[in-house]
**Q** 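Quick one: the structure is below, and I'll ask about it shortly.
Computed from a predicted model, the values in this text were never measured in an experiment. Along the sequence shown, residues carry numbers from 1.
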Amino acid sequence: MAEKTGTTRTARRWRPFSAPVWHNRDFVKLWTGQTFSQFGAYVSTIVVPLLAIETLNAGADELGVLGLLSKLPAVLYLVAGIWVDRMRKRPTLIITNLVRAALLLMIPVEFALGILSIGLLGATLLISAVLTVWFDTAYMSYLPGLVGREHLIEANSRMESARATAQLTGPTIGGLLVQAVTAPIAVILDGLSLLASVFTLGRIKYREPEPARQAADGARGVRRAWDDLLEGLRFLARHAVLGPLMRAIAISNVAWSAETTLYVIYVVSVLDLPTALVGLTLIGTGPGALVGALAAGPIARRIGVGGAICTGLAGFCLSTLLIPLTPAFIGAALPMLIVAAFLMSASGAVSAINVESLFQRSTPDDLQGRVMGSFRFLTVGLWPLGALLGGLLGAAIGPREALFAAVVVLAVAPLLVWFSPVRRVGPAEPAEPAGEGA
């Protein structure tokens, strides 16, 4: 019996607005795999630093290098998009998670053999982060064909709910595991979670059509890759809706990265909060993201996707204003910062889910990888620039004043969206017919 194409299978299973994504068994498998993967990743946010500190006697400078290595590959999202558009996405998802699992499961073996070092751990984190870039790009490009473009907001909301739940529980479980079984053994949980993800991804029956683009060798391959990259960027830049939205998201993320860089030094040196309470100020982040993920779809149905994006960006900006307005009094500062974290995460999730869904459903199939790679580059690849600007501005005018300046820049994003065609995008239709630019 011939294998059914993604188009035929999706059209038969889905009727617009008639069935939730939970009725799509392949989506449930993808969601389950992502839940395993995200849970393991958030467990590692605690386990890996503790592993470096307790096992390898790492200092602050070495932890900083490990953190840089784990985030540096974000600049490769543009390259990953070219790669993803040239091959089927599901094998990329499976292979990247399988290799990541093997790398993590080697850590306790290296520890047992006495060869684990900061250099080896850093190399593991770097390679794993590169693979994560490819996984993320392939996953976001795979979702539209899997669930149908009319169900993207619902699907992305469910994915974000899983991520928020993992963010809420993973670090705590990671800390408990380190206490119970030591850090090298606790790393095994992350590796096993990735293997569980590989298993569920392997059971997905949906098969996308063979990509039309194939890789070329040598100088011709480099020229074709460059042409492919420019094609994706031109599509975004010329698109009547995605173009201004791309610029708004880039500005917002640079400003938010600057604010994040300034946050700890502001809380400790200006508000005089004890360092032990810094983490507590962020306790509202997980619940806020979960609430925002659940609200993203209903808000879009109520006021349209464009309205939801504008509302989310405006709410995020207003929430960040609470941070520099916080008084230097612990009785008021702690609850005010917790509320700010909750509201920022909730409004940020509403905006992010609708932005991602709009990018996905407005992009032709053959450009999904490059456009979603560009989207991820805008959301995380520009963070180093924002961090640098935030640090320089904080040193020049002071942390509180620099935070106010970051809020002013954040306010540009919702204004760009409001005074653009993005605001008029409704809950169901793509921004433009697929493949057409302005």
**Q** Tell me the ring-ring contact (aromatic ring centres under 6.0 Å, His included) pairs involving residues 285-306, sequence neighbours left out?
**A** none
**Q** Can you list every ring-ring contact (aromatic ring centres under 6.0 Å, His included) pair that touches residues 155-186, not counting sequence neighbours?
**A** none
**Q** Got a list of side-chain donor-acceptor pairs under 3.5 Å for residues 405-412, not counting sequence neighbours?
**A**
none

**Q** What pairs with Glu160 under side-chain hydrogen bond (donor to acceptor under 3.5 Å, both in side chains), at least two apart in sequence or on another chain?
**A** Arg163
**Q** Can you list the residues that meet the salt bridge (charged side-chain N to carboxylate O under 4.0 Å, His left out) rule with Arg158, with sequence neighbours excluded?
**A** none
**Q** Is Val268 close to Leu273 at the side-chain level, that is, under 4.5 Å between some pair of heavy atoms?
**A** no
**Q** For Arg247, check salt bridge (charged side-chain N to carboxylate O under 4.0 Å, His left out) against everything at least two apart and list the hits.
**A** none
**Q** Pairs in or reaching into residues 264-300: which pass ring-ring contact (aromatic ring centres under 6.0 Å, His included), with residues at least two apart or in two chains?
**A** none
**Q** Is any NZ, NE, NH1 or NH2 atom of the basic residue among Arg90 and Glu208 found under 4.0 Å from an Asp or Glu carboxylate oxygen of the other?
**A** no
**Q** Between Met372, Lys89, Met159, which is the residue that forms a side-chain contact (heavy atoms from CB on, under 4.5 Å) with Tyr139?
**A** Met159
**Q** Check Tyr206, Tyr142, Trp22 against Phe27 for a ring pair (Phe, Tyr, Trp, His ring centres under 6.0 Å) and give me the one that passes.
**A** Trp22
**Q** I'd like to check the side-chain hydrogen bond (donor to acceptor under 3.5 Å, both in side chains) partners of Ser357; sequence neighbours left out, ordered by chain and number.
**A** Asn156
**Q** Distance-only criterion, 3.5 Å: show the donor-acceptor pairs between side-chain atoms of residues 118-135 and protein atoms not counting sequence neighbours.
**A**
unit_1: Thr124; atom_1: OG1; unit_2: Leu120; atom_2: O; d: 3.0
unit_1: Thr132; atom_1: OG1; unit_2: Arg100; atom_2: NE; d: 3.4
unit_1: Thr132; atom_1: OG1; unit_2: Ser128; atom_2: O; d: 2.8

**Q** Keeping to residues at least two apart or across chains, list the ring-ring contact (aromatic ring centres under 6.0 Å, His included) pairs with something in residues 279-322.
**A** Trp256-Phe316
**Q** Show me the pairs that pass salt bridge (Lys or Arg N to Asp or Glu O under 4.0 Å) and involve residues 303-318, at least two apart or across chains.
**A** none
**Q** Please table the atom pairs, donor to acceptor, closer than 3.5 Å between any side-chain atom in residues 180-189 and protein atoms at least two apart or in another chain.
**A**
none

